Structure formats: C-alpha cells, structure tokens
Amino acid sequence: MPMADALDLDEIVTRVHADMATHLGRGKVADYIPALARIDPRQFGIAIASCDGRTAMAGDADTGFSIQSVSKVFTLALALEKVGARLWKRVGREPSGSRFNSIVQLEHEKGIPRNPLINAGALVITDTLLDGDPGKVIEQITAFLRRLADDASVSIDEEVAESEAETGFRNASLANFLRANGNLHGAVADVLSVYFHQCALRMSCRQLARAGLFLADHGVDSPTGERVTTATRARRINALMMTCGHYDASGDFAFRVGLPGKSGVGGGILAIAPRRASIAVWSPGLNAAGNSEVGVLALERLVSLTGWSIF
C-alpha cells in the first residue's frame, strides 16, 4: 500500500476533481433547512492534509460550508477528554441501522442512543459538555475547531443556526425524549442551542482536513506535535466513524471507500486514512441516505488511486 510520502497528492486531487466533472449536481440539497436549500449543488471541493505536513487541494476547497454532523466527531473528542469512559453509560457504540434522527429506535432503547454519531447520541454528547452557560460551550467548541484547523476564521454561520432552530422540531423531540428518560441533564433549550450552533460551524475542505489530522496520527496534531487526545481515544473515534459515520449507509461507505468517515447534510465528509492523512470533500447534493453523493464517489476514486483503504 503506498505511503503518503510516495504519492503526488497534488496530482491525485487534480485527477479526482477532473473525474467528478460529469457527476456535479447529482443528489439533492438539504432543503428542509432553509439556509441550506439555496446552496449551488454543482460545487465540489477536496483537500488532503497529510501526516508529513503536506496539503493538496482542488476545486472549491476554500469555500466555506456548514459542516453539520461532521461536528459530532469533534464534540465527541471533547466529551471523551472531559468524562472519559463514563460517557458510555449514556450512549452506546453500535451502528444504528436506522435514520440519523429516528425517534422509534430511541424509544425502543429507553432513551440510550445507539451511538454518539446519530442525532440523539450527539445531543447527549452536547449535554455532557454543557456546564450552565450554553454560550460558553459554543465558544469552547468553536475555539477547539479554530485551534485544530490552525485558522481563526472558523466561525458559526448564524443564519444556518437560526434556520435550524426554526425548523429543528424533530431534534427537539429527541431532546425532550432523552430528558424524559433521565439521559439529558441540562435544559432542553440550552442543549438544542449548543447543538444547532455546532452544526452551523462554517469551514472549508482545507480547514476541515487540517482539523481532522489528529485522528490520522494517534491523537497527535502532526504539524505542531500537540497531543489532542490519547492514541486509544483516537482509535476508538475512528472505529465509530467507520461503523456509524454514515448512519444506515455506513456499511455501503465501508464497502466502497474503506476509510473511517463522517458525513454531514451540508454535503461535507471528513475521512481518515490512519497514519497517512485526513481528507475532506464537499459537494452539497445528497443521496437518499443523506450523504454527499459526489463526495462519496470522490472518496471512492481517491482510495482507488492511493490504496488507502484500511482493508
């Protein structure tokens, strides 16, 4: 299998970008969030940040987009640093096999979400981080992403956050059901405020690939040498991304791409090639499972060119 330093990453992203030209515009944007409904679905960006310090980009890699559920990876890392293994008393580690916002599954399992990467699980993670003032938690999450991306321009898209708050009735239902089962300790309104704002973080592929690099290097941010999390926690986050990162299409993503990955309905996907690189792709059009249609195709092509599948 080729190592990152044996590959011309600029050539690879250029080829992937060219290969996606005939696919641009495929899928459907997340029009149930009004602020996302206006996004041009023909956009596509790709960025690779390698563990040896290189960055390669193509297409709309510097265009900011709403990372949505990709944020769950980073809040999970923060929660594990805060409470450690106690987290698993409140949330499971198994694939859901259901839609990302399923209420039926949560009711069947008595308020214990199947994993931290579905919406109910992410709400529990957000609750874990909440210590009174939701504004301070939003600032903490934003600062964490700015530090990981090495870019102070990472920010919250307030229009998207407001749009989600106005239409997020299903997430409100999940939060209330969690609270009714004793698995949400903070005020529902505060948890939802933090959750909607973390999903509204605006980042580019370049920034997102850089931010995910610690997951490719045993919990260490390669360019700075800073330890973000333990090697064990980084490995476990990757495992959850592999088994749960694309909801009920996680098996298909593992079959086609073979990398730990996390998608968001904004059209972004963060994928990790352990010990090699962090990859971010973005294209707003979603497939039936709510994952970027062109983004998945691009990662499938990338893996065919690099041999980075973990299988």
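As a basis for the values below, the full set of heavy atoms in this structure was taken, side chains included, without hydrogen atoms, waters or symmetry mates. No experiment lies behind these values; they were computed from the predicted model shown.
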Take Gln198 and Thr126 through the side-chain contact (heavy atoms from CB on, under 4.5 Å) test and state the conclusion after the steps. CA-CA 9 Å; Gln198 77 180 54; Thr126 299; 3.1 Å; yes
Lys/Arg N to Asp/Glu carboxylate O, [X] vs [Y], below 4.0 Å:
X      : Y      : result
Arg54  : Asp10  : no
Glu159 : Arg38  : yes
Arg233 : Glu81  : yes
Arg210 : Asp221 : yes

Taking all heavy atoms of [X] and all of [Y], pick out the closest pair and write down the distance.
X      : Y      : answer
Leu201 : Ile156 : CD2-CD1, 3.6 Å
Ala231 : Arg227 : N-NH1, 3.4 Å
Gly295 : Ser283 : N-CB, 4.4 Å
Leu178 : Ala120 : CD1-O, 3.6 Å
Asp31  : Ala37  : CA-CB, 3.7 Å
Pro34  : Thr167 : CD-CG2, 3.8 Å

Please check: side-chain N/O of [X] versus main-chain N/O of [Y], any donor-acceptor pairing under 3.5 Å?
X      : Y      : value
Ser71  : Ile67  : no
His197 : Ser193 : yes
Asn171 : Leu174 : no
Ser66  : Cys199 : yes
Thr243 : Ala239 : yes
Gln43  : Asp40  : yes
Ser163 : Val160 : no
Trp282 : Ser292 : no
Gln207 : Ser204 : yes
Asn181 : Asn183 : no

I'd like to check [X] versus [Y] (side-chain heavy atoms, cut-off strictly below 4.5 Å). Are they in contact?
X      : Y      : result
Thr55  : Ile48  : no
Pro134 : Leu192 : no
Leu270 : Ile279 : no

Residue set satisfying salt bridge (Lys or Arg N to Asp or Glu O under 4.0 Å) with Lys82, at least two apart, ordered chain then number -> Asp131
Q: For Glu226, check salt bridge (Lys or Arg N to Asp or Glu O under 4.0 Å) against everything at least two apart and list the hits.
A: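 Once residues adjacent in sequence are excluded, the partners of Glu226 under the salt bridge (Lys or Arg N to Asp or Glu O under 4.0 Å) criterion are Arg147.
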For the pair Asp52 and Arg276, evaluate salt bridge (Lys or Arg N to Asp or Glu O under 4.0 Å) and give the outcome as yes or no after the intermediate values. CA-CA 8 Å; Asp52 60 11; Arg276 292 174 172 82; over 6 Å; no
_Is it the case that over 12 heavy atoms from other parts of the model lie below 6.0 angstrom from the CZ atom of Arg179?_
yes
Shared hydrophobic cluster, [X] / [Y] (ILVMFWY, side-chain heavy atoms < 4.5 Å):
X      : Y      : answer
Val70  : Leu148 : yes
Trp308 : Met57  : no
Val188 : Ile112 : no

Sorted by chain and residue number, the side-chain contact (heavy atoms from CB on, under 4.5 Å) partners of Glu300 (sequence neighbours excluded) come out as Arg256, Val257, Leu297
Exercise. Could you tell me how the ring of Phe144 sits relative to the ring of Phe74: parallel (under 30°), tilted (30 to 60°) or perpendicular (over 60°)?
Key: perpendicular
